[in-house]
Each structure stands twice: as C-alpha cells, then as structure tokens.
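The block underneath contains the structure these notes are about, expressed in structure tokens.
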Amino acid sequence: AQSVTQPDIHITVSEGASLELRCNYSYGATPYLFWYVQSPGQGLQLLLKYFSGDTLVQGIKGFEAEFKRSQSSFNLRKPSVHWSDAAEYFCAVGAFYNQGGKLIFGQGTELSVKP
Amino acid sequence: GAVVSQHPSRVICKSGTSVKIECRSLDFQATTMFWYRQFPKQSLMLMATSNEGSKATYEQGVEKDKFLINHASLTLSTLTVTSAHPEDSSFYICSAGDYSDSHNEQFFGPGTRLTVL
C-alpha cells in the first residue's frame with residue numbers, strides 16, 4: 001500500500017536551533033517526493049521536491065531534504081530555525097503527471113518555535 | 001510560481017442547501033485539477049481528480065453525487081457540495097497541475113472554509 005508517515009505530530013525547537021522533520025514513505029514505483037508548508041487557514045506552499053538526480057535537494061527559505069532510498073526516507077532539515085517557520089509541514093509522495101499526478105500526504109508535523 | 005485562486009474563501013450555509021466552490025489557475029492552463037478535504041489538525045485527503053473535458057475520478061469512499069465536480073475549461077474547476085450537512089463542514093483545498101518543463105508540480109489554492117449549520 002502507498003503511504004507516507006511523519007512520525008512526529010508536534011515538534012518544538014528554539015529559534016536558531018537546527019531542525020529535522022522526518023518522513024518515511026511506502027510506494028510501489030519510483031517516488032516523486034515533496035515537502036509543503038501550511039500556515040493556519042492557508043493553502044500549501046511547496047518547499048522543495050525530488051524527482052531524480054542529486055539526493056540532497058535545496059528548497060526555499062533555507063530548507064533542504066535528503067532522499068535515502070535504502071531507508072525510504074525524505075527528511076527535511078534546516079540549520080537555523082526562525083520564528084516565522086512555525087507552521088504545519090507535510091511530506092507527500094506522488095506519481096508523475098503522466099501517471100495521474102496524485103499526491104499522498106503524510107499526517108503532518110506541527111512546528112512550534114520558542115523565542 | 002503559478003497562482004491558484006479559490007472562491008469563496010469562507011462560506012456558511014444552512015443544512016440542505018448546495019454550495020459551489022471555484023478553483024482557478026490564474027496564469028497557466030491546467031488540464032488536471034485536484035480537490036482535497038482537510039479536517040482540523042489533520043492531513044489532506046484527496047477527494048477527486050478533475051480532468052478538463054471529462055468526468056472526474058473520485059477516490060474510494062467519496063460520494064460523487066454529493067460532491068459534484070466540473071472542469072469545463074483549462075483554468076476553472078468547480079466543486080459543488082449538494083444538500084450539505086454539518087458533517088460536510090471542512091476545509092476544502094484545490095490544486096492545479098502545471099506540468100510544463102519549468103514546473104512539473106501541483107499548485108495549491110488558499111482553501112475554502114465551509115461551515116454547514
């Protein structure tokens with residue numbers, strides 16, 4: 001079965017500290033992986049995506065993620081968190097557009113940032 | 001990036017009435033749009049895939065007669081919640097697929113908060 005697991009429902013970090021949000025997936029084909037961020041009452045903004053090539057991908061707002069096929073993981077990292085990073089983060093795995101383009105989302109991780 | 005709008009952003013209706021939500025891709029043509037539902041503090045659940053000029057494909061468990069989807073043009077898809085009931089109250093989010101060489105991803109609308117009294 002295709003699924004995405006984000007083990008951490010809620011994480012709190014201090015401003016300036018490093019961050020890692022975990023994501024594990026189960027997918028029958030070549031996975032296309034995404035990280036989105038959602039502020040309260042808003043839609044989703046893409047942080048970064050991985051289709052192929054270099055397994056360490058850089059995104060917006062200083063985020064990066066590393067694809068590890070052997071671990072079926074796509075963890076999101078940021079070296080220094082800012083208070084404005086407080087939001088809900090979703091990992092997603094999907095099919096390529098010519099295979100329907102559907103996305104499967106993880107449960108989300110809520111990030112709180114302490115001053 | 002590409003922009004997707006939704007209208008209305010918030011709607012309150014009485015039980016038994018129908019509500020239409022619009023999803024527009026403002027600066028690109030989207031042959032495929034997706035409709036999601038999100039409950040508070042939960043993830044997005046795909047309801048249906050909408051392809052321009054053809055019938056929508058609904059996910060298992062989603063009532064197609066209750067959630068009518070129309071994708072009449074390359075920039076507009078609509079979701080109509082028919083005979084709405086309080087349990088239909090939720091946050092509905094659409095996305096539009098931009099699969100041009102420069103993007104190859106879905107762009108999400110800001111969402112519509114539906115409250116059924």
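In what follows, chains are A, B, ... by sequence order, proteins preceding strands, each numbered from 1. Hydrogens, waters and symmetry mates play no part in the numbers below; they use all other heavy atoms, side chains included. Just so we're clear, the structure is a prediction, and the values are computed from it rather than from any experiment.
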task = Consider only side-chain heavy atoms of I, L, V, M, F, W and Y, link residues closer than 4.5 Å, and tell whether A/Leu44 and B/Tyr92 are in one cluster.
result =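 Hydrophobic grouping puts A/Leu44 apart from B/Tyr92.
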query = Which bit of B/Glu59 comes within less than 4.5 Å of chain A, counting heavy atoms only: side chain, backbone, both or neither?
reply = side chain
request  = With a 4.5 angstrom heavy-atom cut-off, could you sort out which part of B/Leu44 is near chain A: side chain, backbone, both or neither?
outcome  =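 Both parts, backbone and side chain.
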task = Would you mind checking which part of A/Ile104 comes under 4.5 Å of any heavy atom in chain B, side chain (CB onward), backbone (N, CA, C, O), both or neither?
result = neither
Chain B contact via A/Leu46 - which portion, at a heavy-atom distance below 4.5 Å =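 Answer is side chain: those atoms of A/Leu46 sit under 4.5 Å from chain B.
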Check whether more than 12 heavy atoms from other residues, nucleotides or ligands sit under 6.0 Å from atom [atom1] of [X], and answer yes or no.
X: B/Lys20; atom1: NZ; value: no
X: A/Ile9; atom1: CD1; value: no
X: A/Arg77; atom1: CZ; value: yes
X: B/His7; atom1: NE2; value: no

Closest contact, heavy atoms only, A/Leu103 versus B/Tyr36 =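 Nearest pair, atom of A/Leu103 first, then B/Tyr36: CB-OH, 3.8 Å.
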query = Applying a criterion of heavy atom separation less than 4.5 Å, what residues of residues 105-115 of chain A form contacts with chain B?
reply = A/Phe105, A/Gly106, A/Gln107, A/Glu110
task = Considering only heavy atoms, give the residues of residues 36-43 of chain A separated from chain B by less than 4.5 Å, sorted numerically, with 'none' for an empty result.
result = A/Tyr36, A/Gln38, A/Gly41, A/Gln42, A/Gly43
ask   = Distance from B/Gln106 atom CD to A/Lys49 atom NZ, nearest 0.5 Å?
value = 11.0 Å
